[in-house]
Amino acid sequence: MVEDLLLYDSDGQSLLDDHALRILIALHQESLTAQEIATRYRVPIAACYRRIRRLASLALISEAGFVTEGRRRPARLYKSEVDRFQIMYGNGKMHLHLLLRNGTEAKTVVGVPPDVGVSERAPPPPHEVGEYPSA
């Protein structure tokens with residue numbers, strides 16, 4: 001289930017991208033409509049609906065009812081099914097740990113797209129206090 005979210009599709013596009021993370025974080029805080037997510041979190045509306053469908057298919061979000069107030073048509077509300085999540089980065093890998101509200105737990109490593117090379121170089125050493133890198 002969750003492992004599918006962290007893989008790359010046949011075109012090498014990330015299935016867990018900035019938009020999906022914004023939606024997960026937004027819905028973790030409160031139930032929102034797709035339009036509210038798009039407006040508040042700067043996610044293009046078409047991308048928002050695509051990510052909502054994907055996240056719902058993975059049971060990471062679900063419908064929470066409808067909003068009718070001040071609308072001609074009801075709008076679906078969405079809520080997060082993620083109770084807690086933790087993202088850790090170390091040794092060149094990003095680890096994601098999810099605990100869903102139903103008690104399901106998932107841990108996985110976020111992959112790197114096949115066409116992106118990963119550098120084996122060590123990061124530069126930290127600067128001493130008062131030392132500034134040259135431009």
Side-chain angles (χ1 to χ4, degrees):
M1 173 184 92
V2 175
E3 290 78 8
D4 294 339
L5 179 70
L6 303 168
L7 300 175
Y8 290 83
D9 64 17
S10 59
D11 297 327
Q13 297 294 313
S14 171
L15 298 176
L16 177 65
D17 61 6
D18 184 50
H19 295 322
L21 286 173
R22 286 179 189 213
I23 292 168
L24 281 173
I25 290 167
L27 295 178
H28 188 72
Q29 297 170 4
E30 63 183 312
S31 295
L32 297 167
T33 65
Q35 187 63 53
E36 289 169 332
I37 294 167
T39 302
R40 289 187 200 174
Y41 294 90
R42 297 187 211 151
V43 177
I45 192 68
C48 188
Y49 278 114
R50 281 192 304 271
R51 296 327 183 280
I52 285 173
R53 280 192 302 273
R54 179 71 177 152
L55 294 170
S57 75
L58 294 166
L60 295 178
I61 66 173
S62 63
E63 289 186 21
F66 292 91
V67 174
T68 57
E69 188 175 310
R71 299 175 179 271
R72 282 193 260 165
R73 302 184 339 188
R76 284 189 172 96
L77 274 173
Y78 298 95
K79 67 178 180 175
S80 173
E81 292 301 327
V82 178
D83 183 46
R84 290 180 297 213
F85 63 92
Q86 182 178 28
I87 300 173
M88 297 171 289
Y89 182 81
N91 298 327
K93 295 180 181 178
M94 187 180 304
H95 300 267
L96 177 66
H97 179 206
L98 295 169
L99 181 61
L100 302 182
R101 295 186 199 283
N102 66 8
T104 304
E105 188 173 347
K107 295 180 185 179
T108 191
V109 176
V110 178
V112 176
D115 61 339
V116 175
V118 177
S119 171
E120 295 296 325
R121 271 183 2 186
H127 296 287
E128 294 296 323
V129 175
E131 183 183 341
Y132 295 95
S134 58

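Only a predicted model underlies this, so the values are computations on that prediction, with no experimental measurement involved.
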Joint hydrophobic cluster, [X] plus [Y], side-chain heavy atoms closer than 4.5 Å:
X	Y	value
Phe85	Leu99	no
Leu98	Met88	no
Ile37	Tyr49	no
Ile25	Ile52	yes
Leu60	Leu21	yes

State, to 0.1 Å, how close [X] and [Y] come at their nearest heavy-atom pair, and which atoms those are.
X	Y	result
Pro74	Thr68	CB-CG2, 3.9 Å
Tyr41	Leu32	CE1-CD1, 4.1 Å
Ala38	Cys48	N-SG, 4.2 Å
Val43	Arg22	CG2-CD, 4.0 Å

- Query: Can Ser80 and Arg101 be said to form a side-chain contact (heavy atoms from CB on, under 4.5 Å), step by step?
  - Reply: CA-CA 9 Å; Ser80 173; Arg101 295 186 199 283; 4.2 Å; yes
Please evaluate residues Ile23 and Tyr78 with respect to the criterion side-chain contact (heavy atoms from CB on, under 4.5 Å), reporting the C-alpha separation (whole Å), side-chain torsions for both, the decisive distance (0.1 Å), and the verdict. CA-CA 10 Å; Ile23 292 168; Tyr78 298 95; over 6 Å; no
Practice problem: Give a yes or no on this: more than 12 heavy atoms of other residues, nucleotides or ligands lie within 6.0 Å of atom CZ of Arg42. | Solution: no
Got more than 12 heavy atoms from elsewhere within 6.0 Å of CZ, Arg84?
-> no
* Asked: Any side-chain heavy atom of Glu36 sitting closer than 4.5 Å to one from Val67?
  -> no
To the nearest 0.5 Å, atom NZ of Lys79 lies from atom CD1 of Ile61 at 11.5 Å
Between the CZ atom in Arg76 and the CD atom in Glu63, the distance rounded to the nearest 0.5 Å is 4.5 Å
Side-chain donor or acceptor of Arg51 paired with backbone N/O of His19 under 3.5 Å
no
